[in-house]
2 protein chains.
Amino acid sequence: MFEPTIKDIAKICGVGVSTVSRAINDHPDINSETKEKIMSAIREYGYVPNDSARNLKRVDAKAIAVLVKGIANPFFTGMITVIEQECKKRHYSMELSHIEADEDEVDVAQKVVKEKRLRGIIFLGGLFSHSEEKLKKLTVPFVFSTAGSIPENISRKLYSSISVDDRRESARMVEYLIRSGHTRIAILVAEAQEESVGRLRLDGYCDALKAHGIAVDPKLICQTRDDRGHFSMENGYLSTQKLLGRGEAFTALYAVSDTLAIGAMRALYETGLRVPQDVSLAGYDGIDMTDYIVPSLTTIRQPVEEMAKDTTRLLFDIIAKRTKHQHITYEAKLLVRESTIKIPE
Amino acid sequence: MFEPTIKDIAKICGVGVSTVSRAINDHPDINSETKEKIMSAIREYGYVPNDSARNLKRVDAKAIAVLVKGIANPFFTGMITVIEQECKKRHYSMELSHIEADEDEVDVAQKVVKEKRLRGIIFLGGLFSHSEEKLKKLTVPFVFSTAGSIPENISRKLYSSISVDDRRESARMVEYLIRSGHTRIAILVAEAQEESVGRLRLDGYCDALKAHGIAVDPKLICQTRDDRGHFSMENGYLSTQKLLGRGEAFTALYAVSDTLAIGAMRALYETGLRVPQDVSLAGYDGIDMTDYIVPSLTTIRQPVEEMAKDTTRLLFDIIAKRTKHQHITYEAKLLVRESTIKIPE
DNA sequence: TTGTCCATTGGAAACGTTACCGAAGTTTTG
DNA sequence: CAAAACTTCGGTAACGTTTCCAATGGACAA
């Protein structure tokens, strides 16, 4: 099978390689007739430029990477879909890479960047607990999307971030539950390492309780130290079983992710507890399925589409030096649905 | 920021570039002392080989591509996660690309292969209705995973395939429903183009009914021509509403994917129909969540892990010419759960 | 006419790596 | 002890692009 190169095309058209290159890349200094001739030869022979050669010659590849921790999470696949479309629009390719639970995101990023000479990085999920020094080593701009809080001692000028105010939104959910008459509110946190979203949402939970004069009861806080699949449904199921095993009474259960909540649903059901009659159940994220299951899940909906678009736009703006690093916070939406009810007086 | 190249490392160690190359690539013709010296310099200076240069020099990149139609489908993300791990094990990188609904998978593949000089392609989902001629143009081995039926007139030697026998498994589900006393069984098919999995599963449905002497009633078959998001929950919801609107009575509803079934669940609920008391509901795929929602969903579980592993293994075997193209069919598992019941006599 | 400028082009040097070839030194063989 | 074989290495030519620089020819101004 004959795979033409730029040289072949040049020979076929009786022009120099640089002219062909100009044609491909829409350079201005080229006669439109020549260009048309070249383009038609390219079509005819099915020539496709070799990406490796291009990227080698260019100082940097026309590509960015998306690093995700937990690709199975529907919340992230939603984001990824949008980000990919946005990249395509800009004729950039998107390298999608999965970070294992035990890998350090910045280390992985550094390796990928050097290997592929990428222009930028988007971190999805994951944790942000890196030293400023390490971050500085990352030579390309990067945007943290929905990645928990970032330690105060790290300069905000080093990175961008896109997220909702997890602590605040979480508090809003709990406040809603309190207003609905709940006082014994249990919480399911998959992990609550310092700086993680789990931690932020847990903090928000505590904030709300305190604001309403309700003591935070550690017996109602269920967190697993399991490092794998933090937000898996299985984890939600197992954690809830553990919580129920404590024999502590509660009228509402707030899971810090929808997937956890779905797992919890089953555990509650198996124990004979009905949602919402016996226990109000709430989640966080607002993934599609929460709207379809029965009962539909009360949750905090993050503006996925908007966040994903802005994440991409911001990254490209920074790459093009049109802007400096930014930190954008979005308004999430409290969706009250069937899984939670008011406690009757 | 200084980014060392192989030349820099060579200079630092006082050796030739080829020696450094030998060290990096575990070539045999190198003194272990020299190698150790080089490797430590590499670590010290944080040298990472440039992938583009490597791929340019090598005839083909150490990479494969996974082309997915519908990345939001949890069934596929499950497959992808496993495939990625398998690639990592073999020190190959995996290019993940999403095929838009209106794109031709083989065209996309061809472009990607030429651009990136990949060694192989995995198609996930999508449709297989391509001419043999077109397929032949694809110069690298490719494996179709869970991609419907393939027209008889295409030589089996041109590609590999990995799937369950969709028609057979689908029939098994419907047979189970019939044995449970259901005779009015409606079916939800997102799309049923020739050769699609939807079509196969619909065929299986018809097979089972006929085998039991039940007439296939077109009024119980609900298919959408909507080309976007075939298997989305929303589609399941809307289709079911449409089906219910017909006023046709049925005791069981079989959706050809779990996501469709979840959508159906809501539509049934809104109409006041209880699952499973009023309508038995069944899905297909066996994604995680079917086990956690209430009621848990009766479904056909495809052996995702095994299929994904075999898909990758097979592709690499073909690339290495250890084997020819193969066609593997897996046994799926009928999981009877809470969403379906026997019709009382 | 002569010189300047513009539009368009071709040549060639890089980009960072791998792989071939041959050289040098060392060990084994006859 | 010479020849042969084996180890270990360095030099260098590619791989397919892009980009700089110089060259050509024609148009236009002086």
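These numbers come from the heavy atoms of this one structure, side chains and all, not from hydrogens, waters or symmetry mates. These numbers come from a predicted model, not from an experiment. So that the names make sense, note that chain A is the first sequence line, chain B the second, and so on, each numbered from 1.
With the nearest nucleotide of DNA chain D identified for both B:Gly16 and A:Ala53, B:Gly16 has the one nearer the 5' end.
When heavy atoms are screened at a 4.0 angstrom cut-off, A:Ile30 is found touching the sugar-phosphate backbone but no base atom. At a threshold of 4.0 angstrom between heavy atoms, the contacts of A:Val15 are confined to the sugar-phosphate backbone, with no base atom among them. Backbone-only engagement by A:Asn50 is indicated by non-hydrogen atom pairs under 4.0 Å involving sugar-phosphate atoms exclusively.
For B:Phe316 and B:Tyr92, the ring centers are positioned less than 6.0 Å apart.
Protein atom CZ of B:Arg22 is 13 Å distant from nucleotide atom C1' of D:dT12, rounded to whole Å. Atom P of nucleotide C:dG16 and atom CZ of A:Arg58 are separated by 15 Å, given to the nearest angstrom. Atoms CG (B:Leu56) and C1' (D:dA13) sit 13 Å apart, rounded to a whole Å. A:Tyr45 places its OH atom 19 Å from the C1' atom of D:dG16, with the value rounded to the nearest Å. Distance, A:Ile38 CD1 to C:dT9 C1': 10 Å, rounded to whole Å. Taking atom CG of residue A:Asp29 and atom C1' of nucleotide D:dA22, one finds them 14 Å apart after rounding to whole Å. The separation between B:Asn55 atom CG and C:dT17 atom P is 12 Å, rounded to whole Å. Atom NZ of B:Lys7 is separated from atom C1' of C:dT17 by 9 Å (rounded to the nearest Å).
Between C:dA19 and B:His27, a contact under 4.0 Å exists linking OP1 or OP2 to a side-chain N or O. Within the 4.0 Å cut-off from OP1 or OP2 of C:dT9, not a single side-chain nitrogen or oxygen of A:Ser18 is found. Between A:Thr19 and C:dG10 there is a side-chain N or O to OP1 or OP2 distance below 4.0 Å. Distances shown here put a side-chain N or O of B:Thr34 below 4.0 Å from the OP1 or OP2 atom of D:dC9. For A:Asn31, no side-chain nitrogen or oxygen approaches OP1 or OP2 of C:dA7 to under 4.0 Å.
Of the candidates C:dG16, C:dT18, C:dT8, C:dG16 carries the atom nearest the B:Thr5 side chain, counting heavy atoms from C-beta on.
Put simply, the side chain of B:Lys57 and the base of D:dA14 share a donor and an acceptor less than 3.5 Å apart. Checked by distance alone, A:Arg117 brings no side-chain donor or acceptor within 3.5 Å of a matching partner on the base of C:dG16.
A salt bridge is absent between A:Lys309 and A:Glu306: the closest approach of a Lys/Arg side-chain nitrogen to an acidic carboxylate oxygen does not fall below 4.0 angstrom. Residues B:Arg313 and B:Asp310 are paired through a salt bridge, judged by an N-O separation under 4.0 Å between the basic side chain and the carboxylate. Ionic pairing of A:Asp51 and A:Lys62 is not present here: no N-O contact between side-chain nitrogen and carboxylate oxygen is shorter than 4.0 angstrom.
A heavy-atom distance below 4.5 Å is found between the side chains of A:Tyr330 and A:Ile162.
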